[in-house]
Amino acid sequence: MATKLDGAPEAPDGTAAALSKAGRLRAALQAPGLAFVMEAHNGLSAKIVEEAGFAGIWASGLTMSSALGVRDNNEASWTQVLDMLEFMADATTIPILVDGDTGYGNFNNVRRLVKKLCQRGIAGVCIEDKLFPKTNSFIGQGQPLADIDEFCGRIKAGKDSQTDDAFSLVARVEALISGWGMDEALKRAEAYERAGADAILIHSKQRSADEILGFAKEWAGRSPLVIVPTMYYATPTPVLRDAGVSLIIWANHNLRAAITAMRETSRRIMEEQSLTSVEGAIASVKEVFNLVGQGELSRAEQRYLAPVADGPHAIVLAASRGDALAPLTEERPKCMLDVRGQPLLRRLISTMNACGVRDITVVRGYRKEAIDLPNITTVDNDAYADGGEAASLACAAERLRGACLVSYGDILFRNYILENLLAADGDIVLVVDVRLRDGGHRAPGRAVDAVRCSRRFTGSYLDEEPVTLSEIGGGLAPETADGEFIGLVKLSERGSALVRDELDAMRADGTLDGSDLPELFARLTTKNVPIAVLYITGHWLDVDDAFDLAKARNLI
Ligand code: SPV
Ligand code: MG
């Protein structure tokens with residue numbers, strides 16, 4: 001209906017009042033001049049018809065059946081067609097004229113069909129004067145026609161059942177197709193018009209438009225005339241316009257185009273066992289998303305969905321070689337040493353994944369190419385030999401945003417420790433093992449990140465009094481400490497910002513390269529930034545030397 005329905009819909013009297021879909025189809029049928037409806041057979045093709053600029057859709061019986069893989073012989077039930085129409089109507093804003101075949105039975109079936117079509121927002125239906133079950137008009141040599149009076153009963157029943165006044169019923173005359181001749185065609189058209197049909201569809205399977213033009217001449221505009229020039233496609237459209245045709249149905253060309261395109265694509269992929277030659281020749285996945293309105297859903301999500309807090313992500317510091325483990329670390333950093341069939345780092349990442357932490361950034365340095373694990377982001381600290389953990393963390397400063405875990409790359413711990421940490425309150429929360437206090441789990445003389453806290457572990461996990469960090473590292477004697485920082489810390493959005501600022505300050509005062517994580521937290525403590533402590537009692541290990549590695553291999 002491009003000519004008559006383009007732009008703002010107009011009422012038949014020419015006013016710019018907005019019309020319903022049914023109103024627009026009716027206006028197109030009744031207005032002088034020629035309009036067009038284009039075939040669609042599902043929601044997607046209906047959208048494509050609207051996108052092309054057509055102001056109306058022909059929901060073709062042939063192509064809807066074919067799209068379902070069945071014949072145009074009423075093999076698809078009328079309710080299956082109705083479901084398809086609902087998708088098409090929901091997907092578009094332009095009127096749909098439905099091919100209602102014979103009306104699926106007698107007057108009673110037409111009544112129910114028309115009611116249901118009105119409920120689904122369909123603008124009009126075309127019913128043909130044949131018998132249920134029908135066969136496509138281009139098959140065979142003329143099919144039995146309905147009795148004229150019986151078909152007029154179907155038309156009247158349909159018109160009496162419409163719940164939308166503007167709904168259109170088009171009566172399709174098959175007399176020419178079935179070889180009954182022009183007089184019979186005109187007799188039927190007159191009877192159908194008197195019975196209340198809003199328009200007459202005169203169908204022909206001739207290669208020339210002669211009989212259609214002959215009919216149009218005799219009909220002389222008694223009511224709107226609709227045609228389907230599938231067979232006489234070579235007739236120039238102006239000829240049909242001049243004949244007084246109101247509506248042309250381009251009846252099946254989207255389905256036929258799709259068949260050609262799908263065959264060619266399947267053939268090529270089958271033959272070439274590759275997608276390279278078809279990509280670029282077919283619609284992109286993005287176009288598919290656009291066609292079905294994915295953007296609208298994203299906007300609706302923003303409006304209606306409660307914002308979901310992003311889960312924490314993690315930064316794993318894995319730049320150091322692990323000198324004490326030479327020569328095992330000749331080829332790879334210690335985080336990639338095998339612990340019972342898997343690199344240490346892979347085990348650490350699995351624990352994080354199991355606790356819902358999936359976005360993991362690993363800071364690499366020594367033998368960085370050996371850190372080739374899947375599903376991680378990497379950041380490189382190429383000056384790893386000159387700096388400590390603070391410098392490595394600073395390399396990942398861009399990732400120090402929002403809720404964030406920071407972990408040494410050479411530790412392993414039970415899942416529950418991370419689960420408890422994720423649930424703990426505080427902008428900066430350090431995990432501290434209290435066993436150091438009782439003699440510790442380490443050989444004497446080994447370096448530990450000793451800490452002193454606001455109070456000691458009471459031995460009860462039911463104790464919910466908060467504990468904060470008072471002192472860390474800096475030569476704190478293990479005997480006087482309350483525990484040992486295990487190398488795992490959680491930061492809130494604010495905590496991340498505080499750490500970022502402190503790293504900047506360390507860079508500015510020249511202490512960044514020489515500092516480890518305890519020094520970073522010691523600086524924050526002296527500035528009275530509260531740092532919370534989560535006490536644990538074992539169930540973790542770190543790998544500093546061959547003794548630790550053997551222990552890890554035994555424990556896993
Ligand atoms: C259809 O598109 O299903 C039609 C038109 O009814 S035709 O195939 O020409 O009969
Ligand atoms: Mg049909």
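Whatever order the structure lists them in is the order used to number ligands and atoms, beginning at 1. Along the sequence shown, the residues carry numbers beginning at 1.
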Can a side-chain donor-acceptor contact be found between N353 and S350 if the only test is distance below 3.5 angstrom? no
Original post:
Do S204 and E211 get their side chains close enough for a donor-acceptor pair, meaning under 3.5 Å?
Top reply: yes
request  = Taking atom types as modelled, find out whether R26 and S168 have a side-chain donor-acceptor pair closer than 3.5 angstrom.
outcome  = yes
Checking heavy atoms under 4.0 Å, the part of H203 that sits near ligand 1 is side chain
ask   = Is the Mg ion (ligand 2) under 2.8 Å from any N, O or S atom of D101?
value = no
G61 heavy atoms within 4.0 Å reach ligand 1 at atoms 1 (C), 3 (O)
If only side-chain N and O atoms count, and only distance matters, is there a donor-acceptor pair under 3.5 Å linking R172 with S137? yes
So for M64 against ligand 1, with non-hydrogen atoms under 4.0 Å, the contacting part is neither
R172 heavy atoms within 4.0 Å reach ligand 1 at atoms 4 (C), 5 (C), 6 (O), 10 (O)
Any side-chain heavy atom of M182 within less than 4.5 Å of one from L186? yes
- Task: Examine N252 against ligand 1 and note whether any of their N/O atoms are separated by less than 3.5 Å.
- Result: no
message: Any nitrogen or oxygen of D99, side chain or backbone, less than 3.5 Å from one on ligand 1?
response: yes
When distances are taken from atom 2 (O) of ligand 1, the protein heavy atom at minimum range is S60 OG, 2.7 Å
If we number the atoms of ligand 1 from 1 as shown, the ones under 4.0 Å from a heavy atom of F138 are 9 (O)
Under 4.0 Å between heavy atoms, the region of L62 that gets near ligand 1 turns out to be both
message = Determine whether H203 and F138 satisfy the following criterion, ring-ring contact (aromatic ring centres under 6.0 Å, His included), listing intermediate values before the conclusion.
response = CA-CA 10 Å; H203 206 8; F138 300 141; 5.4 Å; yes
With heavy atoms and a 4.0 Å threshold, my read on which part of N136 contacts ligand 1 is side chain
For the Mg ion (ligand 2), the nearest N/O/S atom on D99 is atom OD2
May I ask you to decide whether D129 forms a salt bridge with R154, counting only side-chain N to carboxylate O separations under 4.0 Å? no
**Item:** Check against salt bridge (charged side-chain N to carboxylate O under 4.0 Å, His left out), R267 and E264
**Value:** CA-CA 5 Å; R267 185 194 63 72; E264 173 59 8; 2.9 Å; yes
